[in-house]
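First up is the structure itself, then whatever we jot down about it.
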Amino acid sequence: MNSTYWLTNTRLETSYLVNEGKVTGTNSENFNLLIKDKKITKIIAASEEITDNLPQKDAKQLLALPSFIEKHCHLDKTLLGDRWRPVRPVRNIFERLEIEKEVLPSLETTTQERAEMLLKKYVEFGITHVRTHVDIYPEVGLKNLENVQKALRKFEGKLTYEIVAFPQHGLLRTDSRDLIREALKNGASFVGGVDPATVDGDIDVSLKTMVELAVEGNAGIDLHLHDPDHLGIYTMKKLAQLTKEAGLQGKVAISHAFGLGDIPISQAEEMAGLLADGGITIISSVPIDRKFPPMGLLREHGVPVAVGCDNIFDVWSPFGNGDILERVGRLAEISHWVDERSLSQALYYITGGKTPLNQEGKQVWPKVGDEANLVLVEASCSAEAVARRSKRVATFFNGEMTAGSLEAY
């Protein structure tokens, strides 16, 4: 049911505070937002009288930010809700894959239950869109896809989602072509892949197969690429070439893309031009134990970029809590984005490119007509929210409060 109401006393950023040509702070004011038909249909100053009899919800001067996007997760892998399990040391990725095949079927909780627990956390953290990878391989068939879809259906009205059919054990290595086809026919909208060189053992055939499946299924591609240095760079160049030849510009993403962090800046700039030309998105989980793509440089050169949480307590990592704001705060820290403008602009990576202020400090969100997807936080400005990982008080999706409470605040 779509409700119409006023969200009153909502703090919005209005401009940067500039002294001697430098951004030294953020200005904000309180506004009343009229929510109707899932959109923000009117914005007036909080001091202006509301003359209708519509219901009012007091935002209590909390800061409104665009709601967040989780661009890379694995709902079928998380161990949330199950008992603590130490991460076992391995010598290579193939040993890790075998451990995962052993552990996941042995859990007392179901894939659906664990996925629902993580989705609940996502909504509480201000997330209203999720891209999840779902393992597809012969031993499980489409079971993971089916269970994740059941969990996602429980959250209809709280978030939107995309599903990547992910051949974790290798598209060629496990001959999962037909399973990927079936997944695309049954709700997945992206063809996944992993390390065409290291896992599949044939870069050209692996990439061409991904592209053929995407074209055949009218789908996108999201490739896990951990291969480092020039091995990773070669793979990206080849995928960019195939993307353009197939007309898939704007539908292809490379997750991790560690090779971009292993090369000199001059080469990274060259690669940025190639990726931007192919409309290829780079998604990073911002690891702390190895180099990762220079996200700021890529953004400056027109490459679509995003941050995702990736592992949330699974057989690969004991860490992760699903807080995407914490993850982009990590990006800011590692990138030394300590000034007000850089911190506030960091939101770009977890909102699909939306920030309350643009680079010049002009207020660009929210505008009348925008979708009423927002999160209210305990912060004075975006910069503080990123730096302090501010508390999320309430999440709104299509105008409806889906998590939190204003009454208890």
Side-chain angles (χ1 to χ4, degrees), residues 68-74 77 87 93 96 131 133 164 166 168 192-199 221-237 239-240 252-276 278 280-312 314 316-338 342-343 345-353 386-387 389:
F68 305 147
I69 292 174
E70 164 60 287
K71 203 69 171 179
H72 185 116
C73 72
H74 296 265
K77 291 180 182 290
V87 172
I93 188 174
R96 181 70 65 205
R131 177 182 291 187
H133 298 254
V164 183
F166 180 43
Q168 168 73 86
V194 58
D195 296 336
T198 304
V199 175
I221 295 172
D222 194 331
L223 168 66
H224 281 63
L225 186 57
H226 312 93
D227 287 336
D229 299 304
H230 294 287
L231 180 58
I233 296 302
Y234 174 84
T235 305
M236 284 182 254
K237 286 182 176 179
L239 180 56
V252 175
I254 302 174
S255 292
H256 307 307
F258 291 139
L260 290 171
D262 295 328
I263 57 178
I265 291 296
S266 59
Q267 292 181 30
E269 290 176 337
E270 178 185 341
M271 281 300 300
L274 190 69
L275 294 166
I280 295 176
T281 299
I282 298 296
I283 303 169
S284 178
S285 60
V286 198
I288 60 175
D289 58 348
R290 68 163 301 163
K291 294 178 180 178
F292 59 90
M295 302 297 279
L297 181 150
L298 294 174
R299 178 184 173 187
E300 290 171 6
H301 284 76
V303 180
V305 284
V307 164
C309 287
D310 195 10
N311 305 95
I312 311 292
D314 53 23
W316 299 75
S317 170
F319 305 112
N321 61 5
D323 188 350
I324 196 70
L325 184 60
E326 181 178 285
R327 190 58 56 105
V328 83
R330 179 198 293 183
L331 174 63
E333 279 193 85
I334 295 175
S335 304
H336 307 293
W337 296 340
V338 297
S342 296
L343 282 169
Q345 290 298 312
L347 277 180
Y348 177 97
Y349 299 89
I350 61 169
T351 61
V386 170
R389 285 70 157 171

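Position 1 is the first residue of the sequence, and the numbers go up from there.
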Nearest 0.5 angstrom please: [X] [atom1] to [Y] [atom2], how far?
| X | Y | atom1 | atom2 | result |
| --- | --- | --- | --- | --- |
| Ile282 | His256 | CD1 | NE2 | 11.5 Å |
| Asn321 | Ile312 | CG | CD1 | 6.5 Å |
| Asp262 | Gln267 | CG | CD | 11.0 Å |
| Ile221 | Thr281 | CD1 | OG1 | 12.0 Å |
| Cys73 | Arg131 | SG | CZ | 10.5 Å |
| Ser255 | Lys71 | OG | NZ | 9.5 Å |

State, with a plain yes or no, whether a side-chain heavy atom of [X] is found less than 4.5 Å away from one of [Y].
| X | Y | result |
| --- | --- | --- |
| Ile334 | Lys291 | no |
| Leu297 | Glu269 | yes |
| Ile280 | Met236 | no |
| Met295 | Ser335 | no |
| Ile254 | Leu260 | no |

For the student: nearest non-hydrogen atoms of [X] and [Y], plus distance:
| X | Y | result |
| --- | --- | --- |
| Asp310 | Glu70 | N-OE2, 4.3 Å |
| Phe166 | Val194 | CE1-CB, 3.9 Å |
| Pro287 | Phe258 | CG-CE2, 3.7 Å |
| Pro196 | Thr235 | CG-CG2, 4.0 Å |
| Pro294 | Ala268 | CG-CB, 4.2 Å |
| Val386 | Ala332 | CG1-CB, 4.3 Å |

* To do: Taking Arg290 for its side chain and Ile288 for its backbone only, find out whether a donor-acceptor pair lies under 3.5 Å.
  =>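 Judged by distance alone, no pair lies under 3.5 Å.
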* Asked: Any donor-acceptor pair under 3.5 Å linking the side chain of Ser317 with the backbone of Phe319?
  ->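 Between the backbone of Phe319 and the side chain of Ser317 there is a qualifying donor-acceptor contact (under 3.5 Å).
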Side-chain donor-acceptor contacts of residues 323-330 below 3.5 Å, not counting sequence neighbours, with atom names and distances?
residue	atom	partner	partner atom	Å
Asp323	OD1	Leu325	N	3.1
Asp323	OD1	Glu326	N	3.3
Asp323	OD1	Arg392	NH1	2.9
Asp323	OD1	Arg392	NH2	3.3
Asp323	OD2	Arg392	NH2	2.8
Arg327	NH1	Ser285	O	2.8
Arg327	NH1	Cys309	O	3.0
Arg330	NH1	Val286	O	2.5

* Quick check, are the ring centers of Trp337 and Tyr349 under 6.0 angstrom apart? ->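 Centroid distance Trp337-Tyr349: below 6.0 Å, so yes.
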* Not counting sequence neighbours, list each pair that qualifies as a side chain to side chain donor-acceptor pair (under 3.5 Å) and has a residue in residues 224-233. =>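 Qualifying pairs, neighbours excluded: His72-His224, His74-His224, Asp195-His226, Thr198-Asp227.
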